[in-house]
Amino acid sequence: MKHKFFFLIFFFKTLIIFAQTFTYPTSWTLENCIEYAKENNISINSMRLSKTSAQQDLLQAKDAKYPNLSGSVSQGLFAANGLNGLHFNSTPSQNISANSSMILYHANYIKNNEVSKDFLVQMADLSVKEAENNITLNITQAYLNILMSQENIISFQNVLKTTQTQLKQGSQFYTAGNISKLNYLQIQAQVAQDEYNLVSAQNNLRTNIVNLKQLLQLPSAYDFQIVKPDSIVVDENLKPLQDVQSSAQNHRPEVKYGELNLENSNTNLKMTRASIQPTLSLVGSVSTNYSNGNGNYFNQLGNNFYLPIGLSLGIPIYNNRIYKTEIEKSKIAIQQADLDLQNTKTILNQQIEQSYINLQNSIAQYESALKQMNISKESYDIVNAQMKIGSIDYVQLQQQRLLYIQAIQNYLQAKYSAVLNKHIYEFYEGNPITMK
């Protein structure tokens, strides 16, 4: 009974730990998916640890301006070879000391080192934000792929219902002798093809769900279902390209990272130049000792007390051009950081411009695809109406059906492409991605 009691306690504690470790949103909207990924993605959390490590380096740099302190105690043993062999005496000697030093002047090296470490903390934080931006776009695309697959399934279900109705009518016509067996078999083949298309669309949905689960790093056994938004509307209003580019240059983390990297490179040059400057330090120590046989222990510690304090000046004279090389390499690093910043800004403007073009193209394709689908739907309805009265060309029916299915595919592809490109374009400007 006692063992069962402890087992139950262990079991419930395990459940509590499991519940605390795996806390999922109650509903998987796009916003919840993005927020969950930002908080739980392994790569992003690894970057956060790098930021925490950089913060520790900053704390150490801040404390470098204070004195250090170290202490030591040494104990000596005395060995002698007597009549009874080698033996150790008690404690013949002891030394106690403490040392401290503080840099008074080193051409602002300590201050610049602290500034540099602060830059590195900010850069680590910007790396986290850039990773969050990347996973936000990836999740948005995966989420929209699921919505498109779901809508695609609905369209194939509607087409299948229509062809099944055609098959039922065709069976009646074939029984009455109004159509040939070849025409009847053609209708059956259409139904089989639409069933295949529906199964393929359902398989595609499962694949897209798995892709999003993997981005979210959810367990394979977890039953993952997204919440479909109330409506998905293609917004055809485009903000001016120059406005979006200007806003992106002012707030995007990759640009700020490049700017801080350039500032940090300049700071590193100051630190490198400080290495060839004299270093003035305040040094001091306190020590005492005891020797066996020279009197009382505590009296000796007091009499032997020693407290030297002074200044130490270190002057670099010649170091095989090491300092000179480091200075020149620091100058090169500044030029490289400046080029990296310019390249980052150029690439960002190109990406935004390409996003702007993609959005324009997808909106134009959406408008054309919508017209094409409406016309194809109307033509397909006319052909179906003709079939009901028996005046039907089955070749024409098959052609119109294929045109209608292709029009649906083009429409869905253009619709979700326009929605995705609009989100990407506005995300560059700094707007969060939402879909409600």
K.L.:
Looking only at side chains, do Thr288 and Asn304 share a donor and an acceptor under 3.5 Å apart?
P.N.:
no

K.L.:
Tell me every residue that passes ring-ring contact (aromatic ring centres under 6.0 Å, His included) with Tyr323, counting only those two or more places apart in sequence or in another chain.
P.N.:
none

K.L.:
Could you verify whether a donor N or O on one side chain and an acceptor N or O on the other, from Ser116 and Thr267, lie under 3.5 Å apart?
P.N.:
no

K.L.:
Is a side-chain donor or acceptor of Lys213 paired with a backbone partner of Tyr222 at a separation under 3.5 angstrom?
P.N.:
yes

K.L.:
May I ask you to check whether Asn358 and Asn421 show a side-chain donor-acceptor distance below 3.5 Å?
P.N.:
no

K.L.:
Trp28 vs Tyr143, test: ring pair (Phe, Tyr, Trp, His ring centres under 6.0 Å). Steps then yes/no.
P.N.:
CA-CA 10 Å; Trp28 290 97; Tyr143 189 90; over 10 Å; no

K.L.:
So, the side chain of Gln300 versus the backbone of Ser291: is there a donor-acceptor pair under 3.5 Å, distance only?
P.N.:
yes

K.L.:
For Gln122 and Asp118, does a side-chain donor sit closer than 3.5 Å to a side-chain acceptor?
P.N.:
yes

K.L.:
Testing Glu259, Glu114, Glu263 for side chain to side chain contact (heavy atoms under 4.5 Å, CB included) with Phe119, which one passes?
P.N.:
Glu263

K.L.:
Is there a side-chain contact between Tyr66 and Met102 in this structure, where contact means two heavy atoms from C-beta onward sitting under 4.5 Å apart?
P.N.:
no

K.L.:
Where is the tightest heavy-atom contact between Glu254 and Thr344, given as atom of each residue plus distance?
P.N.:
O-CG2, 3.7 Å

K.L.:
More than 12 heavy atoms of other residues, nucleotides or ligands under 6.0 Å from CD of Glu236: is that the case?
P.N.:
yes

K.L.:
I'd like to know if the side chain of Asn32 reaches the main chain of Pro25, judged simply by a donor and an acceptor atom lying under 3.5 Å from each other, with no hydrogens or angles considered.
P.N.:
no

K.L.:
If every non-hydrogen atom of Ser97 is compared with every non-hydrogen atom of Ser287, which pair is closest and at what distance?
P.N.:
CB-CB, 3.7 Å

K.L.:
List the steps, then state whether side chain to side chain contact (heavy atoms under 4.5 Å, CB included) holds for Asn108 with Lys270.
P.N.:
CA-CA 8 Å; Asn108 284 329; Lys270 297 176 183 178; over 6 Å; no

K.L.:
Is it true that, when you exclude Lys65 itself, more than 12 heavy atoms of the residues, nucleotides or ligands shown sit nearer than 6.0 Å to its NZ?
P.N.:
yes

K.L.:
Check the side chains of Thr272 and Ser330 for a donor-acceptor pair under 3.5 angstrom, ignoring hydrogens and angles.
P.N.:
yes

K.L.:
Quick one: do the Gln141 and Asn145 side chains pair a donor with an acceptor below 3.5 Å?
P.N.:
no

K.L.:
Let me confirm one number: the CD-CG distance from Gln335 to Leu262, rounded to the nearest 0.5 Å.
P.N.:
11.0 Å

K.L.:
What's the shortest heavy-atom distance between Thr140 and Thr136, and which atoms?
P.N.:
OG1-O, 2.7 Å

K.L.:
Is Ile327 close to Lys331 at the side-chain level, that is, under 4.5 Å between some pair of heavy atoms?
P.N.:
yes

K.L.:
Verify whether one side chain among Gln190 and Asp194 offers a donor that lies under 3.5 Å from an acceptor in the other.
P.N.:
no

K.L.:
Give the minimum heavy-atom separation between Leu126 and Pro253, together with the two atoms involved.
P.N.:
O-CB, 3.7 Å

K.L.:
Testing the basics here: between Met373 and Ala407, what is the closest heavy-atom pair and its distance to 0.1 Å?
P.N.:
CA-CB, 3.8 Å

K.L.:
Any sub-3.5 Å donor-acceptor pair from Lys117's side-chain atoms to Asn112's backbone N or O?
P.N.:
no

K.L.:
Taking the side chain as everything from C-beta on, heavy atoms only, tell me whether Thr279 gets closer than 4.5 Å to Leu104.
P.N.:
no

K.L.:
What's the spacing between Tyr36 OH and Ile135 CD1 if we round to 0.5 Å?
P.N.:
10.5 Å

K.L.:
Is the shortest side-chain heavy-atom distance between Ile110 and Ile103 below 4.5 Å?
P.N.:
yes

K.L.:
Quick check on Tyr196: does its OH atom have over 12 non-hydrogen neighbours (other residues, nucleotides or ligands) under 6.0 Å away?
P.N.:
no

K.L.:
Is the backbone N or O of Gln351 less than 3.5 Å from a side-chain atom of Ser355, with the two atoms forming a donor-acceptor pair by type?
P.N.:
no

K.L.:
For the atom pair CG (Asn138) and CD (Gln214), what is the distance rounded to the nearest 0.5 Å?
P.N.:
12.5 Å

K.L.:
Between the side chains of Gln365 and Asn361, is a donor N or O closer than 3.5 angstrom to an acceptor N or O?
P.N.:
no

K.L.:
Within a 6.0 Å radius of atom CD on Gln372, are there more than 12 heavy atoms belonging to other residues, nucleotides or ligands?
P.N.:
yes

K.L.:
For side chain to side chain contact (heavy atoms under 4.5 Å, CB included), just list the numbers for Asn289 and Ile96, CA-CA rounded to whole Å, side-chain angles, deciding distance to a tenth of an Å, and then say yes or no.
P.N.:
CA-CA 6 Å; Asn289 61 77; Ile96 304 173; over 6 Å; no

K.L.:
Could you tell me whether a side-chain N or O of Ser46 sits under 3.5 Å from a main-chain N or O of Ile42, the two making a donor and an acceptor?
P.N.:
no

K.L.:
For Ser362 and Leu359, which heavy atoms make the closest approach, and how far apart are they?
P.N.:
OG-O, 2.9 Å

K.L.:
Could you check whether any side-chain N or O of Asn320 sits under 3.5 Å from a backbone N or O of Ile322, counting only pairs where one atom can act as donor and the other as acceptor?
P.N.:
no

K.L.:
Find the distance between NZ (Lys38) and CZ (Arg48) and round it off to the nearest 0.5 Å.
P.N.:
9.5 Å

K.L.:
Does any non-hydrogen side-chain atom of Met148 lie less than 4.5 Å from one of Lys415?
P.N.:
no

K.L.:
What residues, two or more places apart in sequence or in another chain, satisfy salt bridge (Lys or Arg N to Asp or Glu O under 4.0 Å) together with Lys129?
P.N.:
Asp125

K.L.:
Is Leu216 close to Cys33 at the side-chain level, that is, under 4.5 Å between some pair of heavy atoms?
P.N.:
yes

K.L.:
To the nearest 0.5 Å, how far apart are CG in Leu120 and NZ in Lys51?
P.N.:
13.0 Å

K.L.:
Would you check if the side chain of Thr163 reaches a backbone N or O of Leu160 as a donor-acceptor pair within less than 3.5 Å?
P.N.:
yes

K.L.:
With a 3.5 Å cut-off and no angle check, do the side chains of Gln406 and Asn410 form a donor-acceptor pair?
P.N.:
yes

K.L.:
Taking the side chain as every heavy atom from C-beta outward, state whether Leu205 and Ile153 have any pair of such atoms under 4.5 Å apart.
P.N.:
yes

K.L.:
Would you say the side-chain atoms of Thr346 pair up with the backbone N or O of Gln342, donor to acceptor, closer than 3.5 Å?
P.N.:
yes

K.L.:
Please test Leu212 against Phe224 for side chain to side chain contact (heavy atoms under 4.5 Å, CB included), starting from the C-alpha separation and ending with a verdict.
P.N.:
CA-CA 9 Å; Leu212 182 53; Phe224 175 75; 3.6 Å; yes

K.L.:
Please lay out, stage by stage, how Ser127 and Tyr257 fare under the test side chain to side chain contact (heavy atoms under 4.5 Å, CB included).
P.N.:
CA-CA 8 Å; Ser127 295; Tyr257 182 97; 3.4 Å; yes

K.L.:
Does the distance from a Lys or Arg side-chain N to an Asp or Glu carboxylate O, for Lys324 and Glu328, drop under 4.0 Å?
P.N.:
yes

K.L.:
Classify the side-chain pair Gln249/Asn349 by whether it contains a donor and acceptor separated by less than 3.5 Å.
P.N.:
yes

K.L.:
Among Gln157, Gln202, Gln409, which residue meets the side-chain hydrogen bond (donor to acceptor under 3.5 Å, both in side chains) test with Asn152?
P.N.:
Gln409

K.L.:
For residues Arg206 and Ile209, determine if any side-chain heavy atom of one lies less than 4.5 Å from a side-chain heavy atom of the other.
P.N.:
no

K.L.:
Applying ring-ring contact (aromatic ring centres under 6.0 Å, His included), which residue pairs with at least one partner in residues 407-436 are found, sequence neighbours left out?
P.N.:
Tyr356-Tyr425, Tyr366-Tyr411

K.L.:
Is it true that a side-chain atom of Asn319 and a backbone atom of Arg321 form a donor plus acceptor pair closer than 3.5 Å?
P.N.:
no

K.L.:
Report the distance from atom CG of Asn208 to atom CG of Leu144, rounding to the nearest 0.5 Å.
P.N.:
10.5 Å

